[in-house]
Amino acid sequence: MTSNTSKLKDHKLYKKKGLVASPFNDKLGDVISLTSWTKNRMPEYLWLGLILDQYGRTDGMKKTQSLLHEIANFTDSINHPRLSDILRLNDNEQEKIYKIISTHVDSVVISPLTIICNIEKYPTFYEFFNQCNISVEQRLDTLSNAIKIYSPHQSDEATDLRYLAMNLLLFKGKIHISDNCPNVFDAYKNYPNTEHSDPKMSSYRPSIRSSEGIDLNFIETPDGPQIIPIDTSFADYFWREMGLISSCETFSIDHKSNTNDYAEFIEKFQKIIHFITVENKDKSLSEDKFDVIVGSSTYALKIFKEIHDNSLGNSIISRMGIRTIIEVYIILKYLLKKEEKIPKIWEEYKIYGMGNYKLILLKAREKEAKETSHFVPFIADILVNEIKWEEFIDIDLKYFNKTGIREKSIEIGEKDLFDTYYDYDSNFAHGLWGAVRESSMLACNNSCHFNHIVPDSHCAQNLPDTMTDCLDTMSKLLDLLDDLFKIPESLMP
Ligand SMILES: [Zn+2]
């Protein structure tokens with residue numbers, strides 16, 4: 001569970017825009033365009049990571065710092081040891097830098113990068129570091145391992161790399177640390193010679209990371225430092241090439257099915273509906289209220305039974321099912337609350353529903369009917385005209401009683417039900433990206449495929465079971481029926 005994230009109350013609500021802005025975006029969103037360490041920056045410094053990985057932290061730090069020190073003295077053309085900046089230099093400068101590197105480390109350590117920096121695109125680098133005796137698989141394995149190590153942006157290893165990223169500026173005397181930040185000064189001075197296990201590192205590491213993160217957006221100009229968008233073309237190229245030469249490692253989650261048997265509950269609920277109908281035949285013959293309560297409860301029961309009988313608890317469709325069950329419960333409770341002030345609310349509710357049907361019917365009449373369509377105008381025609389002639393039915397394009405389901409849930413004291421389930425399941429009903437991602441896209445575990453997701457074309461992944469939540473809502477509905485119709489104890493589940 002993420003602990004260092006803002007709470008909902010820390011976010012800012014812009015009601016007119018319909019936006020809940022995160023605290024960070026609200027204050028800095030227009031100023032800083034964040035780049036991701038892993039996606040945009042890490043590939044640039046991975047060559048230094050290969051050295052640290054090969055020689056271990058102590059020796060690796062000494063070697064990388066020595067070679068960076070020499071590079072800093074050799075050229076003013078680059079301020080960061082970004083591979084793309086080095087690769088952009090002329091052949092002569094590139095060769096000199098590669099020679100500096102190879103006087104401190106064995107060139108074989110850098111060689112895995114030749115699968116990215118190939119002969120066509122970067123011939124000088126390739127000719128210097130290519131080792132014919134190392135197979136593509138070996139190079140890929142080494143790079144893949146390094147990516148795994150240096151990708152988590154707050155890890156000790158990534159922080160080492162982020163420290164080295166600042167070394168050219170450090171050696172050129174271009175890092176100015178304010179007197180008010182003695183900790184940052186100590187961090188830069190002592191970082192390479194302090195073990196990660198030393199307690200002081202717990203304050204050094206964040207200082208290094210934050211200065212590396214802030215630095216990259218700024219360049220020095222005659223008018224002072226200016227914010228520029230970072231060039232991510234090399235990193236984009238790196239991830240694309242790494243992705244194309246290595247296979248996906250997708251995994252799917254198999255959520256357990258709820259093995260409880262709900263058949264008895266469903267059967268008893270069916271008997272209760274039957275009992276209520278028989279016992280209240282006079283109301284059934286004449287009351288809109290009775291129709292709406294018992295009809296809507298039956299509708300919810302049929303959905304629950306369909307999910308149960310077809311073992312759909314782990315499916316996408318069951319999320320739409322439970323959303324509807326919740327909506328039925330909320331609307332019934334809402335109508336019961338409103339009936340005192342609006343006695344005709346039950347009839348209005350039926351007419352509202354039929355108005356919706358009428359709109360679809362009117363549109364359908366203007367088109368050629370398709371025989372296989374699941375909307376059958378003939379049936380809709382009968383239903384719309386059942387209560388009254390359709391010419392007397394208006395079409396209300398808004399929510400029933402002008403309030404959405406959220407407002408209705410608040411009014412009846414069931415906002416938790418809305419917040420926790422209805423809102424979540426609406427994502428599935430509307431096919432929004434959160435639901436698509438959770439249900440239909442698999443994560444790829446290959447560290448060379450940054451944030452890669454793959455369509456679940458074999459339908460290997462399911463979703464957490466909805467049956468318990470369905471049952472809880474159906475039980476609430478049953479309590480509501482019990483209050484209204486005094487169901488005998490012997491019939492209750
Ligand atoms: Zn992949």
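In listed order, ligands and their atoms are each counted from 1.
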| message | Main chain of I116, side chain of R139: is a donor-acceptor contact present, judged purely on distance under 3.5 Å? | response | no

| task | Apply the side-chain contact (heavy atoms from CB on, under 4.5 Å) test between H153 and each candidate in R41, R162, M42; give the one that qualifies. | result | R162

| request: Find, among atoms of H452 that are N, O or S, the one nearest to the Zn ion (ligand 1), and state its name. | output: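 This turns out to be ND1.
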
| Looking at H449, which of its N, O or S atoms is the nearest one to the Zn ion (ligand 1)? |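 This turns out to be ND1.
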
| query | Are the aromatic ring centres of Y122 and Y126 under 6.0 angstrom apart? | reply |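 Not under 6.0 Å, so no.
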
| query | Do R88 and D231 meet the salt-bridge criterion of a basic N to acidic O distance under 4.0 Å? | reply | yes

| request: Quick one: the SG of C248, the Zn ion (ligand 1), SG of C444 angle, rounded to 10°, please. | output: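 The angle at the Zn ion (ligand 1) comes to 120°, rounded to the nearest 10°.
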
